[in-house]
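What follows is a set of notes on a single structure, which appears directly below.
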Amino acid sequence: MAEPQRPPTEQRLRPAPLLFEPAEAAADPEHFFDLESMEDPRELLDRATELTLAFRAATDRSIEFQAMAAAQLADPRRFDRLTHAAIAERAQWTEDYAKKMVEFGRDLLRGAGAGGSGPEA
């Protein structure tokens, strides 16, 4: 499966770090990385953009790790391998999506799909 390639400058960007919030702040449903307290719209836009990029990068990396794990779990050389249906159930995917993720993971493990953004849905 051919995956779209990111331009070299876009690969593995290191956006603003996601800082963990104190427990009391996280307990407040209106609190979100202190964005609600920012009054300068320029600062708010900058920080919100940094967070958006950080979440996108985290999502892309998480998908890659999901795909690699799915490929490893489906490996026919494993005595305890899982079927696509079992992987789909475990990951809360459809079976068709699990098949695509297994293939994407195999590509990543072979080094062919690095830099992609996941299987086409």
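Linking Ile, Leu, Val, Met, Phe, Trp and Tyr whenever their side-chain heavy atoms come within less than 4.5 Å leaves L51 and L45 in two separate clusters. Linking Ile, Leu, Val, Met, Phe, Trp and Tyr residues whenever their side-chain heavy atoms come within less than 4.5 Å places W93 and F65 in a single cluster.
Atom OH of Y97 is separated from atom CZ of F104 by 8.5 Å, given to the nearest 0.5 angstrom. Between the NZ atom of K100 and the OG1 atom of T94 there is a distance of 7.5 Å, given to the nearest 0.5 Å. With rounding to the nearest 0.5 Å, the separation of CE in M38 from CD in E43 is 4.5 Å. Rounding to the nearest 0.5 Å places CE of M101 at 10.0 Å from CE of M68.
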D60/R56 under salt bridge (charged side-chain N to carboxylate O under 4.0 Å, His left out): CA gap, chis, key distance, verdict: CA-CA 6 Å; D60 287 349; R56 284 182 188 156; over 6 Å; no
Audit row: L44, E39, side chain to side chain contact (heavy atoms under 4.5 Å, CB included) steps and yes/no: CA-CA 7 Å; L44 177 59; E39 294 184 20; over 6 Å; no
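At least one donor-acceptor pair under 3.5 Å links the side chain of R81 to the backbone N or O of P76.
Look at E50 and R47 and you find a salt bridge, because one of the NZ, NE, NH1 or NH2 atoms lies within 4.0 Å of a carboxylate O, short of that distance. The residues D107 and R110 are annotated as salt-bridged, a charged nitrogen and a carboxylate oxygen being separated by less than 4.0 angstrom.
Within the 4.5 Å cutoff, the side chain of T83 has no heavy atoms near those of the I87 side chain.
The minimum heavy-atom distance between R78 and Q72, with the atom names listed, is CD-O, 2.7 Å. When all heavy atoms of A70 and V102 are compared, the pair lying nearest together is O-CG2, 3.7 Å. G105 and A71 make their closest contact through C-CB, 3.6 Å (heavy atoms, listed as atom of the first residue, atom of the second, distance).
For D40, there are no side chain to side chain donor-acceptor pair (under 3.5 Å) partners two or more places apart in sequence or in a different chain. Scanning for side chain to side chain donor-acceptor pair (under 3.5 Å) contacts around D46 gives an empty result, with sequence neighbours left out.
With a 6.0 Å radius and a threshold of 12 heavy atoms from other residues, nucleotides or ligands, R42 has its CZ atom at or below the threshold.
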